[in-house]
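For reference, the structure is listed below as structure tokens.
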Amino acid sequence: MRDVTTAQPLDVQPTPLALLLLGREADPKSERGVECPGDLPSPSDPDLVERARAAKAKLGDKVFVLGHHYQRDEVIQFADVTGDSFKLARDAAARPEAEYIVFCGVHFMAESADILTGDDQKVVLPDLAAGCSMADMATAEQVAECWDVLTEAGVADVTVPVSYMNSSADIKAFTGKHGGTICTSSNAERALNWAFEQGEKVLFLPDQHLGRNTAVRDMGMSLDDCVVYNPHKPNGGLTAEQLRDAKMILWRGHCSVHGRFSLDSVNEVRERIPGVNVLVHPECRHEVVAAADHVGSTEYIIKTLEAAPAGSKWAIGTELNLVRRLANRFADEGKEIVFLDRTVCFCSTMNRIDLPHLVWALESLAEGNLVNRIQVDRETESFAKLALERMLALP
């Protein structure tokens, strides 16, 4: 492998196919792969941290580095701000003087940052392989077909799409175009209340669990009010009558990390740690959320642990990098914080942003080479921004 400090400058201009694929000659719509265009320094390079510092210092105010809570510690140390996906996108928009926004997160997050930042700002994703399995579970073609099914059932006119922030720019644009709004795990209930003021039904994309948990746990609906649309079955696997009777039409998508937690996980940790508080993300399955003591977004989880009394015990159902970081942060206060599942589980796509990729991106930018730019086309951006603005205007 070449030493990137001595190699000729790279002039990488990724095409759509440079959302690199898992394997070669693969389906372009399959999960994104693990390689990055250009040469990367070795992860074992003892000078890696110093090289990141030097490149960041050389760029100065021209670069603004965003770090999602689920990033590994070796990356998060270089973030100018940390947070969840929407907070980071808004933070990027609040820094118009930064020419480069380096987003240490996943692809849909970088898209949202590009939508919300100025035309002269350039959003960079250190590894184009960093996708999101949940966001990839709903494609523009599948959602358009779903809308045709709703139209044939006679319910499209009374259905309002609500899409989770964890969705592609294409899905956000579809939502904006059809009178819907975006939501986060923090404001999903407000978004749904708004949607039901506009229509009789909601098409909730792409995470079925957040939609179901918000409707049933927070808004008092029943499980019978919810149906699941499966894009891999004819007509979503639903009859016209089922679509007409439902209030919540849930897309069959889920988070690969949060979806792994089970009721057995909750029961096991309660038996193993008497007096433990179970705190989970609303992307978890409904039976897990129903059995938990506390349920909330990533920011809610952090604030709950900040306010927790010394000596309290917590089992957390969310991504492991964050849980481990919180356990270390509050250890001196005597707070015992463990991962809800005994099987270790990082977000594999989020973890594709590692220190070698970050160093490569920063050094490339410092040398004047724009790499891995994430750019949403104007029409998609226009409708996606409309949906995001509706969310920002929620009461």
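Between His281 and His258, the ring planes lie parallel to each other; the angle is under 30°, not in the 30° to 60° tilted range.
Legend: salt bridge (charged side-chain N to carboxylate O under 4.0 Å, His left out) pairs involving residues 185-208, not counting sequence neighbours: none detected. Sorted by first then second residue, the side-chain hydrogen bond (donor to acceptor under 3.5 Å, both in side chains) pairs that include residues 62-71, not counting sequence neighbours, are His69-Glu299, Tyr70-Thr298, Tyr70-Thr318. Counting only residues at least two apart or in different chains, side-chain hydrogen bond (donor to acceptor under 3.5 Å, both in side chains) contacts with residues 378-395 comprise Asp377-Thr380. Residues in residues 225-242 take part in no salt bridge (charged side-chain N to carboxylate O under 4.0 Å, His left out) pair, two or more places apart or across chains.
Here the straight-line distance linking atom CG of Leu365 with atom CH2 of Trp360 works out to 8.5 Å at 0.5 Å rounding. For the atom pair CG (Asn267) and OG (Ser262), the distance works out to 8.5 Å, reported to the nearest 0.5 Å. Taken from CG in Asn328 to CD1 in Ile337, the straight-line distance is 9.0 Å, to the nearest 0.5 Å. Taken to the nearest 0.5 Å, the OG atom of Ser163 stands 4.0 Å off from the CG atom of Leu205. Here the CD1 atom belonging to Ile316 is positioned 4.0 Å from the CG atom belonging to Leu279, to the nearest 0.5 angstrom. For the atom pair CG (Leu250) and CG (Leu203), the distance works out to 9.0 Å, reported to the nearest 0.5 Å.
Judged by distance alone, the side chain of Asn277 and the main-chain N or O of Lys313 form a donor-acceptor pair under 3.5 Å. Glu111 places a side-chain N or O within 3.5 Å of a backbone atom of Ala169 that can act as its donor or acceptor partner. Side-chain N or O atoms of Asp114 include none that pairs as donor or acceptor with a backbone N or O of Val123 at under 3.5 Å.
Among residues two or more places apart in sequence or in another chain, the salt bridge (charged side-chain N to carboxylate O under 4.0 Å, His left out) test is passed with Asp293 by Arg270. Taking the salt bridge (charged side-chain N to carboxylate O under 4.0 Å, His left out) definition, one finds that Arg272 meets it with Glu268, sequence neighbours left out.
When every heavy atom of Val160 is checked against every heavy atom of Ala195, the shortest pair comes out as CG2-O, 3.7 Å. Closest non-hydrogen pair, Val65 versus Cys104, comes out as CG1-SG, 4.1 Å.
You'll find the ring centres of Trp314 and Phe330 outside the 6.0 Å limit. Ring centers of Phe204 and Tyr229: at least 6.0 Å apart, outside the cut-off.
A salt bridge does not link Arg95 to Asp91: none of the charged side-chain nitrogens sits closer than 4.0 Å to a carboxylate oxygen. For the pair Glu319 and Arg325, the salt-bridge criterion is not met [side-chain N within less than 4.0 Å of a carboxylate O].
Residues Leu326 and Ile301 are in side-chain contact: their nearest non-hydrogen atoms beyond the backbone lie under 4.5 Å apart.
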